[in-house]
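Notes follow once the structure below has been shown.
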There are 2 protein chains.
Amino acid sequence: MSYDPLPPVLAVRAFESVSRHLSFTKAGDELGKTQAAVSYQIKVLEDRLGFPVFVRKARKIELTDKGMNLASKVIGAFSDLRSAFAEIREENDTQLVIGCNATFASRWLAARLFDFQIANPDLAIRIIPTDNKDQYSRGDRDITISGCYDPPSDNVLHSLIPADFTPMLHPSLAESIGGINEPADLLKLPIIDPADHWWPLWFAKAGLPDPDFANWPSSRMGSQGLEASRAIAGKGVAILTPFFYRTELESGQLIQPFDIVENDPGMAWHLSYPPENRSSRKVRLFRDWIFAELRKDGLDLPQVGDKAA
Amino acid sequence: MSYDPLPPVLAVRAFESVSRHLSFTKAGDELGKTQAAVSYQIKVLEDRLGFPVFVRKARKIELTDKGMNLASKVIGAFSDLRSAFAEIREENDTQLVIGCNATFASRWLAARLFDFQIANPDLAIRIIPTDNKDQYSRGDRDITISGCYDPPSDNVLHSLIPADFTPMLHPSLAESIGGINEPADLLKLPIIDPADHWWPLWFAKAGLPDPDFANWPSSRMGSQGLEASRAIAGKGVAILTPFFYRTELESGQLIQPFDIVENDPGMAWHLSYPPENRSSRKVRLFRDWIFAELRKDGLDLPQVGDKAA
DNA sequence: ATCATGCATAAGGGAGACTTATGCATGAGT
DNA sequence: ACTCATGCATAAGTCTCCCTTATGCATGAT
């Protein structure tokens with residue numbers, strides 16, 4: 001005998017609209033339905049309640065006492081619902097959450113994000129650091145920048161920066177062994193994270209046999225920045241992506257002894273977002289901006305279109 | 001570009017339930033749907049919103065930040081809705097509104113309603129006077145008692161009291177002409193509302209020709225009580241329904257000079273209510289009570305069943 | 001008196017809500 | 001470690017019931 005206290009929601013929705021307009025026809029317009037549909041829903045509601053909520057008069061309807069009682073509360077509740085969804089939409093439209101891995105964030109994004117902020121003062125930007133495991137935009141962020149091997153295929157992907165790498169070190173360290181003249185000279189110096197599998201790849205390209213480093217613990221991914229810090233401090237030779245160390249190279253904090261640059265074809269830095277965000281203004285703005293910025297940096301990126309991979 | 005701020009209500013409803021249970025399956029149970037149906041509705045919502053509201057984890061789901069934000073408000077709004085409908089149901093269940101015409105109310109109901117009230121202390125009873133034009137229960141009342149000619153066929157009808165009538169007057173008035181011995185004697189006295197069409201009917205039954213009263217203005221229906229007052233005051237002869245004047249006849253305030261009682265076949269006092277009220281507890285209680293009371297008064301009423309006419 | 005407005009209702013169609021069935025991922029249990 | 005149980009996602013198909021179309025009716029306006 002105890003049933004759901006809530007009548008069918010579609011009927012409640014119809015009632016809410018009708019009780020505001022005091023017209024089935026106008027409510028139908030508002031709801032994108034016909035007058036007959038509204039009439040039907042109100043009948044459903046009244047049948048369920050067991051009493052009429054409107055008095056049908058000639059050319060107009062009026063709320064019954066009980067209908068009036070209900071209407072004020074139902075209208076209020078729907079008003080709350082509308083505010084809730086309007087608010088969340090507003091928040092969603094104006095808050096851009098960028099998931100970004102540490103290297104890209106510190107080596108590139110941080111210095112330029114301010115420009116984007118200035119160009120788009122209506123957007124509130126939040127960066128959340130992501131390790132390279134969860135590169136998916138999973139509801140906690142709108143867009144993700146990651147450097148990883150297994151790009152998620154269910155997200156829209158834009159490759160940004162290829163995973164190029166080459167050894168780098170502080171000039172004083174090079175001088176300490178009388179300068180670096182050939183690749184093999186590097187082996188005279190401490191190797192920062194010798195477990196990094198980029199090393200054998202680069203030595204191979206440089207024409208040297210696999211140096212076969214001891215199995216040191218590796219902390220490669222996501223910590224290129226840490227390796228760089230040690231190199232800048234003169235603690236050893238790191239294998240880094242030159243794109244991210246242009247300023248250090250220019251200022252002389254790091255030197256790149258060889259033009260030999262190898263590429264890791266399985267990896268890249270890329271930008272990704274769920275397909276439904278394609279039409280999102282804030283995501284488009286950010287995507288287009290980052291592409292433009294990277295082109296200024298001399299990267300050859302495909303014209304931005306939805307299909308860009 | 002501006003769309004309805006409110007996502008499809010069915011999706012909102014599903015979201016509300018899921019966010020309370022944090023389970024699609026449980027929400028499905030609550031809504032009387034399958035888990036798949038809920039999953040579908042949540043997808044509809046998320047597609048519409050453009051962002052996920054739940055994070056799907058292994059054997060559970062969690063609200064995203066935005067989902068959390070929404071949930072609190074949506075749950076609140078639905079709680080308001082539920083209260084509103086629960087309250088109105090409560091009010092509807094415990095308040096019995098009786099529309100009653102003046103004659104029946106004053107001549108019969110008033111004296112006995114107290115008993116019903118005592119027998120049903122959980123019901124709050126309200127009597128609203130109705131003229132005999134709007135005998136329909138139109139949302140402002142649960143049940144109607146009226147004396148009229150055109151019983152509304154779309155309502156459930158119970159005949160209560162036949163429209164019997166016979167002349168009545170104060171004994172002093174009768175004595176003023178030396179007593180009433182035959183129907184024609186009445187014509188020597190003032191006739192209260194001679195336009196009342198009951199007069200010719202009664203005189204016909206009494207075997208007299210149509211007295212052919214002048215065309216006095218009539219205020220018959222609904223004012224039998226007023227006519228009676230004038231008769232009791234000795235101002236004339238009224239044609240009344242004896243059932244309603246038993247006490248006056250017993251106490252001698254009125255006398256009924258003849259046993260000749262005519263009946264108006266087109267009219268009766270009856271009780272009516274919309275068909276959907278058949279299953280209403282309060283309406284059944286009142287209907288059964290009034291039938292029982294009238295039987296005590298010696299009326300031969302059909303056994304109460306839904307079909308009783 | 002005629003027309004316009006607004007709701008009710010019947011009949012019918014169709015959209016989309018729902019079910020069934022299945023897969024997959026993960027955590028629990030042994 | 002292997003198996004089982006749980007819970008959500010998804011595809012396909014069904015069917016409900018919501019909605020539209022068409023019409024009627026009552027009433028107020030012109």
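In the text below, chain A, chain B and the rest are named by the order of the sequence lines, each starting its count at 1.
Among the protein residues, Ser39(B) comes within range of the nucleic acid bases, having at least one heavy atom under 4.0 Å from a base atom. As judged by a 4.0 angstrom heavy-atom cut-off over every strand, Lys60(B) is placed among residues making no nucleic acid contact. Looking at heavy-atom distances under 4.0 Å, Gly28(A) makes no contact with the nucleic acid at all. Within 4.0 Å of Arg56(B), counting heavy atoms only, lie sugar-phosphate atoms of the nucleic acid but no base atom. Within the nucleic acid shown, Thr34(B) comes within 4.0 Å of at least one base atom, counting heavy atoms only.
Donor-acceptor pairing under 3.5 Å is recorded for the side chains of Tyr273(A) and Arg287(A).
The side chain of Thr25(A) places an N or O atom within less than 4.0 Å of a non-bridging phosphate oxygen (OP1 or OP2) of dC7(C). One finds a side-chain N or O of Lys43(B) lying less than 4.0 angstrom from the OP1 or OP2 phosphate oxygen of dT10(D). OP1 or OP2 of dC18(D) sits under 4.0 Å from a side-chain N or O of Tyr40(A). Between Gln35(A) and dT21(D) there is no side-chain polar atom (N or O) within less than 4.0 angstrom of OP1 or OP2.
You'll find that the side chain of Ile61(A) is closest to dC7(C), out of dG28(D), dC7(C), dC18(C).
Residue Leu109(A) comes nearest to Cys100(A) through the heavy atom pair CD2-SG, 3.9 Å, listed as atom of the first residue, atom of the second, then distance.
The separation between Leu31(B) atom CG and dT19(C) atom C1' is 15 Å, rounded to whole Å. Straight-line distance from the CZ atom of Arg13(A) to the C1' atom of dC18(D): 15 Å, rounded to whole Å. Nucleotide dC18(D) holds its C1' atom 15 Å from the CG atom of Leu45(A), rounded to whole Å. In this structure, CG of Asp29(B) is placed 10 Å from P of dG7(D), rounded to the nearest angstrom. The interatomic distance linking Glu46(B) (CD) with dC8(D) (P) rounds to 13 Å, in whole Å. In this structure, the CD atom of Gln41(B) is 16 Å from the P atom of dC8(D), given to the nearest Å. Put simply, CZ on Phe24(B) is 15 Å from C1' on dT6(D), counting in whole angstrom units. Following rounding to the nearest Å, Lys33(B) (NZ) and dT14(D) (P) show an atom-to-atom distance of 21 Å.
Taking the six-membered ring for Trp and thresholds of 30 and 60 degrees, His158(B) and Phe291(B) have ring planes more than 60 degrees apart, a perpendicular arrangement.
Positionally, the nearest nucleotide of DNA chain D for Ala36(A) lies more toward the 5' end than for the other of Arg59(A) and Ala36(A). Taking the nucleotide of DNA chain D with the nearest heavy atom to each of Gly32(A) and Ser23(B), the more 5' of the two is matched to Ser23(B).
Looking at Lys282(B) and Asp93(B), no side-chain N of the basic residue comes within less than 4.0 Å of a carboxylate O on the acidic one, giving no salt bridge. Between Glu46(B) and Lys66(B), none of the side-chain N atoms (NZ, or NE/NH1/NH2) sits under 4.0 Å from a carboxylate O, so this pair counts as no salt bridge.
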